[in-house]
Amino acid sequence: MTGEVRLLNTGSLLELQRRLRAAGGENIRASMQRRIRRSAEPLRDDLQETIRNLVITSQGRSSGKRGGPSPTTRPLRATIADAIRISVRTSGSPGARIWIDRARLPDDMKQMPGAINTGRIRHPVFGNRRRWTQQNATPLWWDNTVRSHRPRMESEVARVLDDIRRRLE
């Protein structure tokens with residue numbers, strides 16, 4: 001599912017959060033949050049680049065078929081790329097989360113990230129619900145990009161947690 005990615009080590013983060021609160025280290029907490037966000041930014045940027053450059057193919061029109069301009073001027077891939085967000089929490093369920101903010105997508109595009117991730121986009125031809133077509137994309141664009149970044153992010157977050165622990169001791 002393309003909804004979100006969570007990078008969590010809740011045991012370590014919760015224990016560290018309690019120690020931060022006890023030490024009153026607002027500056028340390030802000031530093032931790034900033035560093036965790038920085039560790040997630042390359043993944044967000046790579047996800048945005050991947051969706052912007054994703055090739056979506058179709059069978060094309062046969063000769064003699066009608067056609068015309070797209071009924072919408074919104075760029076699909078750029079709109080999805082702009083909706084990819086990062087949030088970092090140091091309380092509650094702490095961690096970094098990379099997700100697609102569906103509130104930033106138009107109503108008719110809210111299901112598109114998941115459909116594109118499956119590699120198969122089926123839709124009506126120019127809004128005609130009696131005639132459907134299929135377009136294909138590289139499947140698992142979200143999953144593969146996240147998988148390639150996960151080891152780097154986990155090691156960076158572990159390094160941040162170790163640095164904060166040393167500062168608190």
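We count residues from 1, following the sequence as given.
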Can you measure from [atom1] ([X]) to [atom2] ([Y]) and round to the nearest 0.5 angstrom?
X: Trp132; Y: Arg122; atom1: CH2; atom2: CZ; result: 6.0 Å
X: Arg97; Y: Ser87; atom1: CZ; atom2: OG; result: 5.0 Å
X: Ile51; Y: Thr79; atom1: CD1; atom2: OG1; result: 10.5 Å
X: Ile80; Y: Asp101; atom1: CD1; atom2: CG; result: 13.0 Å
X: Asn144; Y: Asp46; atom1: CG; atom2: CG; result: 11.0 Å
X: Thr57; Y: Asn136; atom1: OG1; atom2: CG; result: 4.5 Å

Test item: Pro42 and Met153 side chains (from C-beta on) under 4.5 Å apart, heavy atoms: no
Note, Met112 side chain near Leu105 side chain (heavy atom, < 4.5 Å): no
Given Arg166, Arg167, Arg159, the one that forms side-chain hydrogen bond (donor to acceptor under 3.5 Å, both in side chains) with Asp163: Arg166
Measure from the side-chain N and O atoms of [X] to the backbone N and O of [Y], and report whether any donor-acceptor pair falls under 3.5 Å.
X: Arg85; Y: Ile100; value: no
X: Asn53; Y: Glu49; value: yes
X: Arg120; Y: Asn117; value: no
X: Gln33; Y: Arg89; value: no

Hphob cluster co-occupancy, Leu54 + Leu140, side-chain heavy atoms under 4.5 angstrom: no
Stepwise side chain to side chain contact (heavy atoms under 4.5 Å, CB included) test for His123 and Ile121: CA-CA 6 Å; His123 62 89; Ile121 307 160; 4.2 Å; yes
Trace of the side chain to side chain contact (heavy atoms under 4.5 Å, CB included) decision for Glu156 with Leu161: CA-CA 9 Å; Glu156 283 186 35; Leu161 295 177; over 6 Å; no
Residue list, salt bridge (Lys or Arg N to Asp or Glu O under 4.0 Å) with Asp162, at least two apart or on another chain: Arg165
Worked verdict on Ile56 versus Arg77 for side chain to side chain contact (heavy atoms under 4.5 Å, CB included): CA-CA 10 Å; Ile56 298 176; Arg77 290 169 282 207; 4.0 Å; yes
Partner of Arg150 by side-chain contact (heavy atoms from CB on, under 4.5 Å), out of Arg152, Arg147, Glu154: Glu154
Ile116 vs Trp142, side chain to side chain contact (heavy atoms under 4.5 Å, CB included): CA-CA, chis, key distance, verdict: CA-CA 9 Å; Ile116 293 173; Trp142 178 274; over 6 Å; no
All side chain to side chain contact (heavy atoms under 4.5 Å, CB included) counterparts of Arg44, not counting sequence neighbours: Glu41, Gln48, Ile84, Ile86
